[in-house]
Amino acid sequence: MFGGYDLSRPDDYASFLIGHAAAFLPIEHALDRGGAEQFLPDWNESRRATLLAEDLAELGIDLPRQIEPPEFASDAEMLGALYVIEGSRLGGAMLRHNVPDGQPSRFLSAVHTSGRWRAFAATLDRCLCSDARLHEATSSALQTFASFERVAARSIA
């Protein structure tokens, strides 16, 4: 649903960031509260909520109304949400090329450091070694994606 935004257009880019902030900020905060650093040792240095808020502030936009933050009942659920949040860095790097120079793009420019995604994938393999844990993580990932989908639908409506 966010694919319909033309990030080269200032209004679309602003709407894209607002929509992402509404879902991303509470999800990242919940991951922080849940102890994401146990899975990503550089979590404290690599969070992106502040970068997203800074991009919005530079555009003169207040933080939007945010979704209800998720509660993670297990490590597997946290890993599912982390998969979505960390995977979005890969997409952000591609989308960044569509944002004109002069527009704030800290959030989309925050890519993985060398080897970080590979290390996280190894953590997923190690921690999600049973069908039950993999199912929990998958359900959580789908719920995380759905959070962004709901926000996008709200933004488009």
Side-chain angles (χ1 to χ4, degrees), residues 1-5 7 12-13 15-56 63-99 105-157:
M1 294 182 97
F2 283 104
Y5 291 107
L7 301 187
D12 275 11
Y13 183 52
S15 294
F16 174 88
L17 291 177
I18 290 166
H20 272 75
F24 187 91
L25 299 178
I27 292 168
E28 187 179 84
H29 183 69
L31 288 166
D32 193 40
R33 276 193 331 267
E37 74 278 352
Q38 67 185 307
F39 303 112
L40 293 166
D42 65 344
W43 174 254
N44 290 326
E45 298 82 34
S46 65
R47 290 180 301 207
R48 294 181 290 154
T50 300
L51 302 175
L52 182 50
E54 288 172 355
D55 285 347
L56 287 169
L63 292 178
R65 180 173 53 91
Q66 297 171 24
I67 65 166
E68 188 67 30
E71 293 291 330
F72 302 112
S74 69
D75 289 351
E77 287 182 6
M78 276 194 45
L79 285 165
L82 277 169
Y83 173 81
V84 175
I85 295 300
E86 287 301 306
S88 72
R89 288 178 193 269
L90 302 170
M94 299 303 295
L95 293 174
R96 167 59 189 100
H97 299 291
N98 298 319
V99 178
S105 60
R106 296 167 193 87
F107 177 68
L108 293 179
S109 297
V111 296
H112 290 114
T113 56
S114 180
R116 188 170 193 262
W117 181 255
R118 190 175 304 115
F120 179 60
T123 298
L124 292 173
D125 288 342
R126 187 179 67 253
C127 295
L128 303 177
C129 57
S130 73
D131 287 344
R133 289 181 59 76
L134 183 58
H135 178 73
E136 279 183 73
T138 301
S139 293
S140 180
L142 291 172
Q143 289 173 6
T144 303
F145 280 122
S147 295
F148 284 95
E149 186 176 38
R150 282 191 309 275
V151 167
R154 179 175 85 190
S155 298
I156 293 170

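Residue indices begin at 1 and follow the sequence shown. All values below were derived from every heavy atom in this structure, side-chain atoms included, with hydrogens, water molecules and symmetry-related copies excluded. Everything quoted here is computed from the prediction, not taken from an experiment.
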Chi angles and distances behind the side chain to side chain contact (heavy atoms under 4.5 Å, CB included) call for F120, L79: CA-CA 9 Å; F120 179 60; L79 285 165; 3.9 Å; yes

F72, CZ: over 12 other non-hydrogen atoms inside 6.0 angstrom: yes

N44 side, atom CG; E37 side, atom CD - distance, nearest 0.5 Å: 5.5 Å

Where A137 and L128 come nearest, the two heavy atoms and their spacing: CB-CD1, 3.6 Å

Chi angles and distances behind the side chain to side chain contact (heavy atoms under 4.5 Å, CB included) call for I67, L25: CA-CA 9 Å; I67 65 166; L25 299 178; over 6 Å; no

For A21 against P26, the heavy-atom pair lying closest together: O-CD, 3.8 Å

Spacing of E54 atom CD and S105 atom OG [to the nearest 0.5 Å]: 12.0 Å

Exercise: identify the closest heavy-atom pair between P70 and A30: O-CB, 3.3 Å

Whether F107 and F24 hold their rings parallel, tilted or perpendicular, with breakpoints at 30° and 60°: perpendicular

CG on L63 to CD1 on I18, rounded to 0.5 Å: 10.0 Å

Heavy-atom closest pair, residues V151 and A23: CG2-CB, 3.9 Å

Spatial distance of atom OH (Y5) from atom CG (N98) [nearest 0.5 Å]: 15.0 Å

Worked check of side chain to side chain contact (heavy atoms under 4.5 Å, CB included) between S147 and I27: CA-CA 9 Å; S147 295; I27 292 168; 4.0 Å; yes

Atom of M78, atom of G34 and distance for their closest heavy-atom approach: SD-O, 3.2 Å

Residues which pass ring pair (Phe, Tyr, Trp, His ring centres under 6.0 Å) with Y13, listed by chain and number, not counting sequence neighbours: none

Polar side chain donor-acceptor pair, T50 to R106, under 3.5 angstrom: no

Residue pairs fulfilling side chain to side chain donor-acceptor pair (under 3.5 Å) with at least one residue in residues 116-140, sequence neighbours excluded: D42-R116, S46-R116, S74-E136, E86-R116

Exam field: side chain R65 to backbone A22, donor-acceptor pair closer than 3.5 Å: no

Side chain E28, main chain R48, donor-acceptor under 3.5 Å: yes

By salt bridge (charged side-chain N to carboxylate O under 4.0 Å, His left out) - contacts of E71 (at least two apart): R33

Closest non-hydrogen atom pair, H20 against L52: C-CD2, 3.9 Å

L7 vs L108, side chain to side chain contact (heavy atoms under 4.5 Å, CB included): CA-CA, chis, key distance, verdict: CA-CA 11 Å; L7 301 187; L108 293 179; 4.3 Å; yes

Pairwise distance CG(L31) to CD(E77) - rounded to 0.5 angstrom: 11.5 Å

Nearest-0.5 Å distance, CG of residue L17 to CG of residue D12: 11.0 Å

